[in-house]
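Have a look at the structure below, then the notes.
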4 protein chains.
Amino acid sequence: MAPSGEEAVRVATRGGAGEPSSREEALPVMRERLLQAAETVLAERGYHGARVDDVVRRARASKGAFYHYFSSKEELLLELIDRFGGLLAQAMERALAERRGAAPRVEAALASVLTTLAEHRDLAWIVLVEAPVGGAAPRQRQQAVKERLIDRIRAGLDELAGEGRVAVRDTETVATVLLGMLEALATRWLMTGRPADLKASLEEVAPFALRGIGLLPAAGRPGPAGRPGEAEETQVTGTR
Amino acid sequence: MAPSGEEAVRVATRGGAGEPSSREEALPVMRERLLQAAETVLAERGYHGARVDDVVRRARASKGAFYHYFSSKEELLLELIDRFGGLLAQAMERALAERRGAAPRVEAALASVLTTLAEHRDLAWIVLVEAPVGGAAPRQRQQAVKERLIDRIRAGLDELAGEGRVAVRDTETVATVLLGMLEALATRWLMTGRPADLKASLEEVAPFALRGIGLLPAAGRPGPAGRPGEAEETQVTGTR
Amino acid sequence: MAPSGEEAVRVATRGGAGEPSSREEALPVMRERLLQAAETVLAERGYHGARVDDVVRRARASKGAFYHYFSSKEELLLELIDRFGGLLAQAMERALAERRGAAPRVEAALASVLTTLAEHRDLAWIVLVEAPVGGAAPRQRQQAVKERLIDRIRAGLDELAGEGRVAVRDTETVATVLLGMLEALATRWLMTGRPADLKASLEEVAPFALRGIGLLPAAGRPGPAGRPGEAEETQVTGTR
Amino acid sequence: MAPSGEEAVRVATRGGAGEPSSREEALPVMRERLLQAAETVLAERGYHGARVDDVVRRARASKGAFYHYFSSKEELLLELIDRFGGLLAQAMERALAERRGAAPRVEAALASVLTTLAEHRDLAWIVLVEAPVGGAAPRQRQQAVKERLIDRIRAGLDELAGEGRVAVRDTETVATVLLGMLEALATRWLMTGRPADLKASLEEVAPFALRGIGLLPAAGRPGPAGRPGEAEETQVTGTR
DNA sequence: GATGAATGAGCTTTCATTCAT
DNA sequence: AATGAATGAAAGCTCATTCAT
């Protein structure tokens, strides 16, 4: 459907191989411009506060162009949500693929989400805060993004639980809660600016989460706990 | 302070001991009616989707009456947010006052929030979901409600941390995350209806949280873990 | 109908001869309060900009009281107009009665209007500027006030014209124009604050007017013209 | 600069020589339609009485079109005021340019204003009567229009006064008063319909004014005075 | 593809007026 | 007489969307 972020960027950026601006296959540069503009504008003024005109102006496009590429303002929001959903899922997948061992993988997954959120403030705001009030469709789409992540997390937990390596029963609830922690941190960061460095929260949250699911001992002395768990590496096959 | 819906109705309805309908102390019945109506209507249609007319109609009031009691639609939202903030804070305070021992108190605090959210679906939706997009003021007010709870939780954690009973360093972050878990559960419940019984999540979340902060051993065998922590009761003076 | 300004003031001020605040004959003190308040408020915010609430608040009265004494906001304006009309007519009558000789009488008439306007800035603004847009009735009432003055001036001119002492044919037009000059000065003063001293304009306007109607010679040398016409006093019977 | 109604219509209607409906130079037809409609509607119902809907309906336009061209109802009024200000200034300039001699030029100036007012009843009403109550901005704009005319008149008087040909000291006051006379005549005509022919007033007002400023002898016998001043023609360089 | 003038339903808010007490 | 809560008809303005060019 909607081009993933990368494709879009590629398309938009490319100088063009053959035809100098051949109109037919040129994937909509303007569509990308509109999406970019929307990201900024929606974040600044909120979904309801942002007028299509604002988006169009910022993109140096025309109303007609806008409605050529999007059937409605809502659809624009949907697309942004999906995009961000893709970014999040990708990031998590990549993080999981790069690590070995249960704890490191959990940590990496948490980090990947937090990092993605921190690196896309505007999208994060739109998806976390604005989406649910954009109407029924955006609300559901946002939820879908979350569910996708929750599912992935749960899959991992299920695996660990299957091996009895984790003190978790209702993996769905725990997955929900793990994501919720990150969401809460991000939202607070977006709203209040605290903590200044969102990713730094990991240092506290990761051990909390690992202990929570029972992957880390009673926390004994949190002494050198900053970098926890390196020792007890275990190979846990991520899903897929 | 703000009378809960029921109290208010009672106040408004009551015939009174002495003066039959003395004008002076009569609490604005209509204001209460408007607030009740707003709760339902805003939850149903969202802040932006709800017209003042809808609220007024449901309250069987007139536009004039509305603007007699509220200076704007936004102010109405603010009041709803504050009310719910009061309910949450009260509930948590009560819960903490009734329990002894660190773990039980933590559990009770978590439960109180979840219970309050579950018992006021409409308000919960409004405050959790709609508030941040009602404009700058509602957004800040919502954040204030959260900060109040976070502060309270942190105070408790600080105390435990002071006694070295808890594996937490940055109590603020952990407090944020603890509240965030509940928020995530509630939001998911509001959005998807799952889990059917929001409060039941506690069974999984409480141990998770207790382990997370290091109040519960490594989760030993998650076997009988369902009802955790009874043994290690400790007297921890809640704050204040 | 409406008590003239003086009566009203008397009524309002009097401590009362006999009954200490007998309610029945006590001419409405509150009515007067409302009128006074209205004068200030209407001048400040304009007829349309002023809310009945503003008037009521300033008068420390209640809405009910207002509608007890005035059937509508418009009626309030009408009364203010009539009052000021009375003041103007009175002032002119008094001025004419006190002087002898054509030129002095003309001068005195002009002065009386200018003085009255200057001494009642608020009323002047209301009547000159706001009245015509208060609706049909206030518009007509304002015009009536003007016509009354024009009529009086014309009567004087007719007399002089009858004696051939004045170079005027269409006395109605000239009367209109004489009043218009003063109106223009007053309005400009109200709008721009210039000249600082409205009454000082007389020094220029009076000779202008006297020459205009032919009561003053060609203006020969404007030299000592400042105080014009003393010499050529003539007995012109003012009307009445 | 603003095209008079007719020109505008012509411009709007014209089929055009070359480009068949070239978009670029097409003067906003609808804007003109709205202005025309506003002139009528505001004159009929007054500024406050006229609803934007009324204007829009009369112009066979939509609300959106209205707010596309005017940022507010007030701005519409401002434009009408400015337009009329331009007409008045133009007319006076033209009149002064066409005549030679002090008295004829004064007469012509007076005539030009009266004629313009008479030929644009609606605009005259709006500018003379409604403007000051449209709010602060329209009030000031109206005053600016007047000041512009006063300035021009004063410039002429200053010149005459410099040559000692005129019995005027404070030329600003006299200029104010000269314009005020015309205003008074016009307003009365607008309000009461009298005199039926506004311009006929000139026959009385012009000699009055000329005598007033000392350009016409004592008025001797007003006998043949109807057409005054032919004899004493003098070349007075009007300004510019 | 692109334009932007035009649409018009719908919104929040105001305020003169009423009336039960 | 006096109160002020309540009424409800407007009014000005917004903005997503359409469509002739």
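Lettering follows sequence order; numbering is per chain, from 1.
Rounded to a whole Å, the CZ atom of D:Arg57 is 10 Å from the P atom of F:dA11. Between A:Leu76 atom CG and F:dC15 atom P the separation is 16 Å, expressed in whole Å. Put simply, CZ on D:Phe66 is 16 Å from P on E:dA5, counting in whole angstrom units. Nucleotide E:dT12 holds its P atom 12 Å from the CD atom of B:Glu74, rounded to whole Å. The CZ atom of D:Arg31 sits 12 Å away from the P atom of E:dA6 (whole-angstrom rounding). Separating the CG atom of B:Asp54 from the P atom of E:dT12 is a distance of 8 Å, rounded to the nearest angstrom. Atoms CG (A:Leu34) and P (F:dT17) sit 14 Å apart, rounded to a whole Å. If you take CZ of C:Phe70 and P of E:dT17, they are 13 Å apart, rounded to a whole angstrom.
Salt bridge status for B:Glu79 with B:Arg31: present, with a side-chain N to carboxylate O gap under 4.0 Å. C:Glu130 and C:Arg45 are not joined by a salt bridge, as no carboxylate oxygen comes within less than 4.0 angstrom of a charged side-chain nitrogen. A salt bridge links C:Arg83 and C:Glu32; the closest N-O separation between the charged side-chain nitrogens and carboxylate oxygens is under 4.0 Å.
Out of F:dT3, F:dG12, E:dT17, the shortest distance to the side chain of C:Lys73 is found at E:dT17. Taking only side-chain atoms of C:Arg51, from C-beta outward, the nucleotide of F:dG12, E:dA16, F:dT3 with the closest atom is E:dA16. The C:Tyr67 side chain lies nearest to E:dA16 when the options are F:dA2, E:dG1, E:dA16.
Contacts of A:Tyr69 with the nucleic acid, taken as non-hydrogen atoms under 4.0 Å apart, involve only primed sugar atoms and P, OP1 or OP2.
Comparing the same atom, C1', in E:dG1 and in F:dT21 gives a spacing of 13 Å after rounding to whole Å.
At F:dA5, one or more side-chain N or O atoms of B:His68 fall inside 4.0 Å of OP1 or OP2 (strictly under the cut-off).
Taking the ring axis of A:Tyr67 as reference, the NZ or CZ atom of A:Lys73 does not stay both within 45° of it and closer than 6.0 Å to the ring centre.
Residue A:Ser62 is the one, among A:Ser62 and C:Val52, whose nearest nucleotide of DNA chain E lies closer to the 5' end (criterion: closest heavy atom). The residue among A:Ala50 and C:Ala65 whose nearest nucleotide of DNA chain F lies closer to the 5′ end is C:Ala65. Two residues, B:Arg60 and D:Ser72, neighbour DNA chain F, and the one matched to the more 5' nucleotide by heavy-atom proximity is B:Arg60.
Nucleotide F:dT21 forms a Watson-Crick or G-U wobble pair with E:dA2, both donor-acceptor distances falling under 3.5 Å.
For F:dT17, the base has a donor-acceptor partner in the side chain of A:Lys63 [N/O atoms by modelled type, under 3.5 angstrom].
Nearest heavy-atom pair across A:His48 and A:Val133 is CE1-O, 3.0 Å.
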